[in-house]
Amino acid sequence: MASLVVVASWIVLGLVMATSTTKVEAARAFFVFGDSLVDNGNNNYLATTARADSPPYGIDTPSRRPTGRFSNGKNIPDFISDALGSEPVLPYLSPELRGDKLLVGANFASAGIGILNDTGIQFINIIRMFRQLQYFQEYQRRLADLVGYNEAQRIVSDSLVLITVGGNDFVNNYYLVPFSARSRQFSLPDYVRYLISEYRKLLRKLYDLGARRVLVTGTGPLGCVPAELAMRSLSGQCAPDLQRAAALYNPQLVQMINGLNSEIGAKVFIAANTQQQTNDFISNPRAYGFATSKVACCGQGPFNGLGLCTLLSNLCPNRNQYVFWDPFHPSERANGIIVDTILRGSTDYVSPMNLSTLLALDYKTRT
């Protein structure tokens with residue numbers, strides 16, 4: 001049933017957005033910033049270990065080959081592109097991103113990064129947030145060369161932006177090792193406040209670069225992913241320290257977003273409560289048609305939560321029954337349900353309004 005609802009959302013929104021007459025306006029441009037939850041292949045072009053370029057990643061794509069997405073198939077940006085009625089945006093580093101492909105938008109995300117520049121240092125060569133924003137400026141210059149400065153500015157201001165970042169600042173920084181540098185520097189409440197203050201600077205920079213519709217996702221239930229269950233849990237209970245981190249971080253993120261919107265005087269930023277959505281999966285997976293929310297489809301060790309997903313890993317036969325594809329990342333089906341909630345959910349999940357409402361309002365304004 002949930003899958004049918006997702007498909008219906010795509011069809012309705014696709015019809016709405018496809019009524020424009022020119023090629024440029026057929027569907028608004030879409031830009032993606034963040035980490036591995038939304039990376040669709042940038043890291044394939046980098047010398048880094050944070051890559052999803054080998055099987056069985058991509059096993060449920062039409063080609064059944066890896067795409068650089070940390071998924072068995074589609075990730076969150078792909079489902080949003082479907083809702084916008086457009087083709088998936090290309091990784092910014094892809095040589096195919098040129099000419100008319102620039103009109104669709106671009107994905108700047110890079111697996112392993114965080115809000116902070118020191119998050120993910122173990123992965124060495126990744127596109128940190130400041131660099132993603134530099135690439136966005138570079139993209140705009142390339143777009144202006146194609147369509148002219150004024151049209152490029154219009155495309156950017158009419159676009160939808162997705163940013164998903166923050167989880168790695170806990171998992172791959174503060175809690176990466178006992179007595180990490182950041183945990184010695186900050187208590188957890190102080191660290192959360194520091195992250196929020198740094199994130200605010202990133203969001204304000206996005207606004208200054210022309211973004212006017214920005215979807216900001218919070219972290220999921222960090223202590224409940226199979227990787228953390230494997231390392232920190234004997235009985236399958238979520239790791240309390242990481243759960244506390246998410247519980248502190250997500251409400252403060254919403255408060256910060258509300259404050260930014262008030263300062264700007266417009267509803268530029270939309271907060272998506274992905275923690276609540278994933279908590280729903282975890283507390284009652286069968287209500288969503290999942291068999292388990294604890295065991296990853298692909299992995300090894302307890303809960304299939306250790307190591308990387310490789311050809312040597314355990315691999316489940318039915319990915320649709322698993323909330324998690326690998327030790328950290330949702331399955332394609334879970335990603336689809338998350339996006340459906342972003343599109344159609346109540347203000348418990350998306351505030352100040354869901355994405356469908358926002359797109360409908362924008363469409364009426366533009367026509």
Side-chain angles (χ1 to χ4, degrees), residues 3 6-7 10 27 29-102 104-113 120 123 125-127 132 135 139 160 162-165 167-168 217 296-299 307-313 315-320 322-339:
S3 298
V6 175
V7 173
W10 302 339
F30 181 36
F31 302 103
V32 182
F33 300 85
D35 57 27
S36 61
L37 288 167
V38 292
D39 183 359
N40 68 344
N42 278 309
N43 279 22
N44 283 2
Y45 301 95
L46 303 173
T48 178
T49 56
R51 297 162 67 115
D53 58 346
S54 60
Y57 285 99
I59 190 172
D60 293 312
T61 62
S63 69
R64 298 181 63 84
R65 296 173 62 86
T67 64
R69 293 162 174 80
F70 287 76
S71 172
N72 55 306
K74 292 181 177 181
N75 62 7
I76 287 172
D78 294 321
F79 284 107
I80 293 178
S81 290
D82 287 339
L84 293 174
S86 68
E87 61 190 89
V89 291
L90 290 169
Y92 186 69
L93 298 184
S94 169
E96 297 178 23
L97 186 66
R98 62 184 186 274
D100 285 354
K101 294 288 187 182
L102 291 168
V104 180
N107 186 315
F108 304 93
S110 178
I113 66 99
F123 302 122
N125 190 24
I126 50 182
I127 312 171
Q132 292 185 30
Y135 278 147
Y139 163 88
L160 177 66
L162 169 67
I163 181 167
T164 296
V165 67
N168 285 331
T217 66
C297 171
C298 183
L308 299 173
C309 174
T310 71
L311 285 172
L312 299 178
S313 301
L315 180 64
C316 68
N318 187 346
R319 273 73 68 183
N320 287 338
Y322 287 72
V323 172
F324 290 98
W325 155 247
D326 69 11
F328 286 103
H329 304 97
S331 64
E332 177 185 68
R333 184 164 175 271
N335 282 328
I337 297 173
I338 289 168
V339 170

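- At distances below 3.5 Å, not a single donor-acceptor pair connects side-chain atoms of D39 with backbone N or O atoms of G68.
- Between W325 and Y57, the ring planes lie perpendicular to each other; the angle is over 60°, past the 30° to 60° tilted range.
- N72 places no side-chain N or O within 3.5 Å of a backbone atom of S331 that could act as its donor or acceptor partner.
- Listed here is the closest heavy atom pair of A50 and N43: O-ND2, 2.8 Å.
- Here the side chains of L93 and Y135 are in contact, with some heavy-atom distance below 4.5 Å.
- Note: I126 CD1 to Q132 CD = 9.5 Å, rounded to the nearest 0.5 Å.
- Sulfur-to-sulfur, C298 and C316 sit at least 2.5 Å apart at their SG atoms.
- Counting only residues at least two apart or on different chains, no salt bridge (Lys or Arg N to Asp or Glu O under 4.0 Å) pair has a member in residues 88-99.
- Listed for the S71 side chain is a donor-acceptor partner under 3.5 Å among the backbone atoms of G73.
- Residues T217 and T164 approach most closely at OG1-OG1, 2.8 Å, considering heavy atoms.
- Remark: Y45 OH to R51 CZ distance equals 10.0 Å, nearest 0.5 Å.
- Separating the CZ atom in R333 from the CZ atom in R319 is a distance of 13.5 Å, to the nearest 0.5 Å.
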